[in-house]
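Reviewing the structure listed below.
Letters go in sequence order (proteins before strands), and every chain restarts at 1. Here the structure is a predicted model, which is why all the values come from computation and not from measurement.
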Amino acid sequence: MKFLGHDGGNFLIEFATEEKLLLLHLLSMYPLVPAAHHRLTKDKKFPRREENQQLLDDALKAQRQQNQQEVLALINEPGRFTDKENASQAAFSRTDLEWLLQVVNDVRIGCWLALGSPGYEPKKKIAPNSEGARRAMFMEIAGAFEMFFLGIINGDVPPELPE
Amino acid sequence: MPATAFPEVAPDISHAADSASEHEPGYLVICWDDPVNLMDYVTHVFQTVFGWERKKAEKHMLEVHKNGKSVLTRESLEKAEFYVHQLQKYTLNATLERDGK
C-alpha cells in the first residue's frame with residue numbers, strides 16, 4: 001500500500017491488486033464480533049443493569065448496521081477504485097478511515113475470539129489446523145491495514161509516488 | 001463532549017437516568033487490557049473519543065498495558081454510557097463502574 005498524498009480533504013491510497021482483494025475480503029467478513037461480546041459493566045449489582053445493557057446492545061447494533069451499509073457501498077460503488085495495470089487507487093475521507101478502522105478491527109478481534117482468545121490464558125494455543133491458520137492470518141492482515149491507516153491519519157507515513 | 005468524525009448512534013438512556021445520583025459524576029469509564037488491540041490503535045481511539053492530545057492518550061494506553069486497566073474519565077451515568085459506547089464501537093474492552101464500589 002502506498003499513501004500518495006492528499007486529494008482535496010481526502011487521503012489518496014494506492015493498493016496493489018492483491019492488497020485491494022485482501023481489503024475487500026476483510027470487509028466482506030464484517031461483522032465478526034458476537035453481539036453479546038460487549039458488556040456495559042462488570043458490576044453485577046449495577047442499578048438497572050439489564051435495561052442499560054439492552055440500550056447499549058441496541059446502540060451497538062445500530063452502529064454495526066451503519067458500518068455494514070458503508071462496507072457494501074464501498075465494495076459495490078462503481079468508480080470507487082480507479083484500476084490500473086497492477087494497482088488500484090482510491091480516495092478516502094477521514095470519516096471513511098474511521099469506520100474502516102472500526103470494521104477492520106472488528107474482524108481482527110472476531111478472528112482472535114474465534115481462535116479462543118489466545119494470550120489471555122498462557123497455556124492456550126492456536127489450533128494447528130487450516131481454520132485456525134486462516135483466522136490467525138486474517139487477524140494479522142487486519143492489523144497491518146490498521147497500522148497503515150493509522151500511519152497516514154497521524155502523518156507518520158510520507159507520500160510516495162504511484163507505480 | 002468531543003465529537004467524532006462521523007454520525008453518532010448513541011444509546012437512548014433518557015428514561016434510565018431518573019435519579020439524582022445518576023446525574024452526579026460518580027461513574028468511572030474504565031478501559032481494560034487485552035492482548036489483541038494494537039497499542040497505536042488504542043491511542044488513536046482515546047484521541048478520537050475524548051479529543052485528547054496524543055501524549056495524554058499514550059499515557060492512558062500505557063497504563064492499560066502495564067496495569068491491566070486505566071480509569072479514563074469520571075462522569076454522570078449518561079455521559080459514562082456514551083463514552084463506553086464510543087469505545088466499544090471501536091471494539092475496545094471498556095466498561096463503566098460505580099466510583100467507590
Side-chain angles (χ1 to χ4, degrees), chain A residues 31-33 37-43 45-48 51-67 70 93-99 101-113 115 117-121 139 142-144 146-147 149-151 153-154 156, chain B residues 3-19 21-22 26-30 32-45 47-49 54 57-58 68-69 77-78 80-101:
Chain A
L32 273 192
V33 173
H37 174 68
H38 293 294
R39 307 311 299 164
L40 178 68
T41 179
K42 292 177 183 286
D43 181 358
K45 294 179 179 172
F46 196 86
R48 291 195 292 277
E51 180 186 355
N52 285 320
Q53 179 65 49
Q54 186 60 50
L55 292 169
L56 178 73
D57 291 346
D58 292 345
L60 288 170
K61 185 179 174 189
Q63 187 66 48
R64 258 195 304 275
Q65 287 171 344
Q66 188 177 316
N67 281 344
E70 300 281 5
S93 68
R94 174 63 191 267
T95 305
D96 292 334
L97 291 180
E98 286 298 331
W99 69 254
L101 279 170
Q102 289 177 20
V103 166
V104 170
N105 199 55
D106 179 282
V107 173
R108 178 173 165 80
I109 305 294
C111 288
W112 176 73
L113 291 170
L115 285 165
S117 310
Y120 263 149
E121 297 172 46
M139 189 177 88
E146 280 178 40
M147 291 307 291
F149 293 145
L150 289 169
I153 287 172
N154 292 329
D156 298 333
Chain B
T4 52
F6 46 89
E8 301 298 341
V9 184
D12 174 16
I13 59 139
S14 55
H15 65 288
D18 56 1
S19 74
S21 65
E22 290 173 356
Y27 296 86
L28 307 177
V29 176
I30 299 176
W32 305 84
D33 190 30
D34 62 49
V36 64
N37 276 298
L38 300 169
M39 293 166 86
D40 283 356
Y41 178 79
V42 175
T43 301
H44 170 79
V45 175
Q47 285 183 272
T48 304
V49 170
R54 193 165 178 171
E58 280 176 342
K69 68 175 184 177
L77 176 61
E78 185 174 0
E81 284 193 324
F82 172 82
Y83 283 130
V84 168
H85 171 239
Q86 297 302 303
L87 296 164
Q88 291 189 350
K89 78 182 187 186
Y90 280 92
T91 341
L92 294 197
N93 187 4
T95 62
L96 71 86
E97 309 299 335
R98 288 178 290 177
D99 198 3
K101 296 290 173 186

Residue A:Leu150 versus chain B: region with a heavy atom under 4.5 Å: side chain

Measure distances from A:Leu97 to the heavy atoms of chain B and classify the residue's part below 4.5 Å as side chain, backbone, both or neither. neither

Please identify, among A:Lys42, A:Glu146, A:His37, A:Met147, the residue contributing the most non-hydrogen atom pairs under 4.5 Å to chain B. A:Lys42

Could you check which of A:Ile109, A:Asp106, A:Asn105 has the highest count of heavy-atom pairs closer than 4.5 Å to chain B? A:Asn105

CG (A:Leu40) and CG (A:Asp57) are apart, to the nearest 0.5 Å, by 9.0 Å

Rounded to the nearest 0.5 Å, how far does CD of A:Glu70 lie from CD of A:Gln65? 13.0 Å

Under 4.5 Å from any heavy atom of chain A, what part of [X] do you find: side chain, backbone, both or neither?
X       : answer
B:Ala94 : backbone
B:Leu87 : neither
B:Asn93 : side chain

Any side-chain donor-acceptor pair under 3.5 Å between [X] and [Y]?
X        : Y        : value
B:Tyr90  : A:Glu98  : yes
A:Trp112 : A:Ser117 : no
B:Glu58  : B:Thr43  : no

If the threshold is 4.0 Å, N to carboxylate O, is there a salt bridge linking A:Asp43 and A:Arg48? no

